[in-house]
Amino acid sequence: MPISRTLASSARRIFNAALKAVDPYEAVRRKVSICGERLLIGSETSIDLPKYKQIWVVGAGKATASMAQACEEILKDKITGGVITVKHGYSVPLKRIEVVEAGHPVPDEAGRAGAGKICGLLESCGKTDLVLALISGGGSALLVSPSVGISLADKRDITERLLSCGATIQEINCVRKHLSLSKGGQLARLAQHATVLVLVISDVIGDSLETIASGPFAPDPTTYAQALEVLERYGLSTGVPENVREHLHKGAAGYCPETPKPGERFFRRIHHCIIASNRQALEAARKEAEQLGFNSMILSSMVQGEAREVAKVYAALVKEEAYHEMPLPRPACLLAGGETTVTLRGKGRGGRNMELALAAALEIEGLRRVSLLSGATDGTDGPTDAAGGIVDGKTCERARCFGLNPMRNLADNDSYGFFERLGEVFRTGPTLTNVMDLHILLAG
């Protein structure tokens with residue numbers, strides 16, 4: 001028998017309401033407007049447009065195309081031109097801005113070409129140029145511009161190693177910034193004579209500007225020495241390409257320029273504005289859950305850690321609801337967001353959300369009238385076409401009827417194979433946004 005239709009459909013409705021609240025196009029339209037001769041970014045920034053001869057739009061990330069579409073509609077022929085890079089399949093038609101589709105999470109040649117165009121454009125900007133920079137999750141891989149002596153293959157290698165060993169996004173970005181000519185405030189350095197308005201959709205814990213897309217326009221507090229510490233922490237000091245180690249050691253010794261630090265004068269011409277975040281998605285999810293009749297609570301927007309360990313915590317909360325109706329009376333909806341990690345031990349396919357869901361299914365087996373949805377807001381969970389997974393107390397029982405062994409699938413990191421064979425893969429397709437993951441726990 002399939003998963004409870006009532007709880008599963010409720011979880012999907014709650015998830016979709018959250019996505020709608022962080023739609024990139026609508027987020028820009030809510031925040032950006034023109035009043036007479038002035039460009040307004042919320043109540044924070046007001047720009048006198050006649051001061052500028054040219055307006056450029058640049059950007060990188062999974063949500064950037066929809067953001068650019070809104071900018072074109074607002075500014076119309078005031079836009080001179082621009083370049084953005086997006087993940088393959090995440091583009092939309094634009095009139096004045098060039099769209100480059102590129103690889104994510106592993107960077108490719110298209111990404112490097114797009115980054116080169118963006119860097120060249122910014123370097124040519126002067127005091128009468130206004131730049132709208134559109135940044136969202138995925139920008140780190142899509143804005144790839146390797147340091148001198150570092151190849152794209154080197155960047156791919158280190159990215160794949162860091163992704164597979166369970167490193168956090170902050171740790172991954174620390175290393176990537178110091179192997180790049182575009183990350184860690186270096187685009188701000190290139191555009192130092194222009195005025196830059198940076199519209200940001202956050203996909204990181206705490207909405208840290210230096211972490212989102214590796215902070216191309218934000219001061220970078222990290223150093224070459226810290227990048228070396230990350231490699232050592234995960235046992236990668238001797239496994240990465242020799243020229244990568246050599247470059248980082250040279251930087252730590254002062255032979256390579258550091259990324260721009262807080263206090264640099266050109267950051268005074270950079271203005272950041274976060275227009276969508278995981279917290280906004282959770283607030284919308286809570287409102288939808290309440291409209292559906294659930295007593296609702298947001299637990300946190302800052303969840304991180306190993307996916308299968310986080311699953312145990314969620315399972316404990318679901319059990320508390322099932323046995324004691326705590327912390328909320330049933331029907332209850334507990335909500336959380338953030339981004340977990342997966343340490344690859346097996347050879348299967350999957351992503352952090354499907355792994356979390358599968359691990360939770362084993363923990364809540366046998367419980368009635370409960371469900372858990374774990375989904376990526378960008379619609380892509382790991383290197384798959386799934387957004388995540390939805391499970392209940394009978395998921396493992398159903399799986400065994402298909403000859404599946406849930407424990408074996410989890411041990412092999414084969415969560416996608418598990419849900420695909422079961423016929424319960426949670427798919428949304430490309431959502432064109434990205435504010436990390438949402439976790440929806442229901443007790444009916």
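- Gly337 and Leu282 make their closest contact through N-CD1, 3.9 Å (heavy atoms, listed as atom of the first residue, atom of the second, distance).
- With sequence neighbours left out, Thr380 forms a side chain to side chain contact (heavy atoms under 4.5 Å, CB included) with Lys87, Tyr90, Asp378.
- Donor-acceptor pairing under 3.5 Å is lacking for the side chains of Arg12 and Ser9.
- No side-chain donor-acceptor contact under 3.5 Å links Arg13 and Asn16.
- Taking the side chain to side chain donor-acceptor pair (under 3.5 Å) definition, one finds that Gln69 meets it with nothing, sequence neighbours left out.
- Remark: the backbone N or O of Tyr25 is not paired with any side-chain donor or acceptor of Ser66 at under 3.5 angstrom.
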> Given the rule in the salt bridge (charged side-chain N to carboxylate O under 4.0 Å, His left out) test, do Glu397 and Lys394 qualify, once you have shown the distances and angles that lead to the verdict?
Replying inline: CA-CA 5 Å; Glu397 179 184 331; Lys394 292 187 176 181; 5.6 Å; no

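- Although no hydrogens or angles enter the test, the distance criterion places no donor-acceptor pair under 3.5 Å between the side chain of Asn434 and the main chain of Lys62.
- No side-chain heavy atom of Asp23 sits less than 4.5 Å from a side-chain heavy atom of Thr433.
- The main-chain N or O of Asp414 is never found under 3.5 Å from a side-chain atom of Asp412 such that the two would form a donor-acceptor pair.
- With Glu321 contributing its side chain and Leu328 its backbone, the two residues share a donor-acceptor pair below 3.5 Å.
- In this structure, the salt bridge (charged side-chain N to carboxylate O under 4.0 Å, His left out) partners of Glu283, at least two apart in sequence or on a different chain, are Arg279, Arg286.
- Residues Ile440 and Leu372 are not in side-chain contact: their nearest non-hydrogen atoms beyond the backbone lie 4.5 Å or more apart.
- Expressed to the nearest 0.5 Å, how far CG of Leu442 lies from CG of Leu334 amounts to 8.5 Å.
- Ring to ring, His439 and Tyr314 are close: their centroids are under 6.0 angstrom apart.
- Screening residues 342-357 for side-chain hydrogen bond (donor to acceptor under 3.5 Å, both in side chains) gives Glu306-Thr343, Arg308-Glu355, Glu339-Arg352, Arg352-Asp437, Asn353-Ser374, Asn353-Asp381, Asn353-Asp437, Glu355-Asn413 as the qualifying pairs, with residues at least two apart or on separate chains.
- The distance from atom CD of Gln170 to atom OG1 of Thr222, rounded to the nearest 0.5 Å, is 11.0 Å.
- Under the rule for a side chain to side chain contact (heavy atoms under 4.5 Å, CB included), the partners of Ser151 that lie at least two apart in sequence or sit in another chain are Ala153, Asp154.
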>> What verdict does the salt bridge (charged side-chain N to carboxylate O under 4.0 Å, His left out) test give for Arg29 and Glu26, after you've listed the backbone C-alpha separation in whole Å, the side-chain angles of each residue and the deciding distance to 0.1 Å?
In response: CA-CA 5 Å; Arg29 298 287 300 190; Glu26 295 298 338; over 6 Å; no

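- Between the side chain of Thr377 and the backbone N or O of Val435, at least one donor-acceptor pair lies under 3.5 Å.
- Aromatic rings of Phe426 and Phe15 (six-membered ring for Trp) have centroids within the 6.0 Å cut-off, being under it.
- Ionic pairing of Arg161 and Asp157 is present here: one or more N-O contacts between side-chain nitrogen and carboxylate oxygen are shorter than 4.0 angstrom.
- With sequence neighbours left out, the ring pair (Phe, Tyr, Trp, His ring centres under 6.0 Å) criterion links His178 to Tyr224.
- Checked by atom type and distance alone, the side chain of Thr395 pairs as donor or acceptor with a backbone atom of Asp392 at under 3.5 Å.
- Closest approach of Ala133 and Val196 over heavy atoms only: CB-CG1, 4.1 Å.
- Between the CG atom of Leu143 and the CZ atom of Arg112 there is a distance of 13.5 Å, given to the nearest 0.5 Å.
- Pairing each heavy atom of Leu209 with each of Ala218, the nearest pair is O-CB, 3.7 Å.
- Looking at Arg398 and Glu424, a side-chain N of the basic residue comes within less than 4.0 Å of a carboxylate O on the acidic one, giving a salt bridge.
- In this structure, Leu248 CG and Gln226 CD are separated by 12.0 Å, a value rounded to the nearest 0.5 Å.
- Contacts of Phe294 classified as ring pair (Phe, Tyr, Trp, His ring centres under 6.0 Å), with partners at least two apart in sequence or in another chain: none.
- Residues forming a salt bridge (charged side-chain N to carboxylate O under 4.0 Å, His left out) with Glu420 (at least two apart in sequence, or on another chain): none.
- Listed by chain and number, the residues in a side chain to side chain contact (heavy atoms under 4.5 Å, CB included) with Arg233 are Glu171, Glu229, Val230 (sequence neighbours excluded).
- Every residue was checked against the ring pair (Phe, Tyr, Trp, His ring centres under 6.0 Å) condition with Tyr416, not counting sequence neighbours, and none meets it.
- A distance-only check finds no donor-acceptor pair linking the side chain of Ser164 to the backbone of Leu344 [under 3.5 Å].
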>> If you apply the rule side-chain contact (heavy atoms from CB on, under 4.5 Å), what do you find for Thr45 with Leu197, and how did you get there?
In response: CA-CA 9 Å; Thr45 306; Leu197 306 178; 3.9 Å; yes

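- Atom CD of Glu258 sits about 5.5 Å away from atom OG1 of Thr223, to the nearest 0.5 Å.
- In this structure, NZ in Lys183 is found 9.5 Å from CG in Leu181, a value given to the nearest 0.5 Å.
- Proximity of Leu122 to Val131: side-chain heavy atoms (C-beta onward) are separated by under 4.5 Å at one or more points.
- The closest side-chain donor-acceptor pair between Ser145 and Ser182, if any, does not fall under 3.5 angstrom.
- With Glu101 contributing its side chain and Thr85 its backbone, the two residues share no donor-acceptor pair below 3.5 Å.
- Side-chain contact between Val57 and Glu72 is absent, with no heavy atoms from C-beta onward closer than 4.5 Å.
- The two residues Arg245 and Thr238 make their nearest non-hydrogen contact at NH1-O, 3.6 Å.
- Proximity of Met67 to Ile275: side-chain heavy atoms (C-beta onward) are separated by under 4.5 Å at one or more points.
- A side-chain hydrogen bond (donor to acceptor under 3.5 Å, both in side chains) check over residues 357-367, counting only residues at least two apart or in different chains, returns the pairs Glu365-Arg400.
- Using modelled atom types and a 3.5 Å distance limit, the side chains of Lys261 and Thr259 yield a donor-acceptor pair.
- Looking only at distances, no side-chain donor or acceptor of Ser214 sits under 3.5 Å from a matching main-chain atom of Ser140.
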> Stepwise, does the side-chain contact (heavy atoms from CB on, under 4.5 Å) test hold for Ser371 with Ile390?
Replying inline: CA-CA 7 Å; Ser371 182; Ile390 309 176; 3.7 Å; yes

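- Listed by chain and number, the residues in a side chain to side chain contact (heavy atoms under 4.5 Å, CB included) with Leu163 are Pro105, Thr159, Ile172 (sequence neighbours excluded).
- Between Glu44 and Lys31 there is a salt bridge, with a side-chain nitrogen of the basic residue lying less than 4.0 Å from a carboxylate oxygen of the acidic one.
- Across Ala399 and Pro406, no two heavy atoms sit closer than the pair CB-CG, 4.3 Å.
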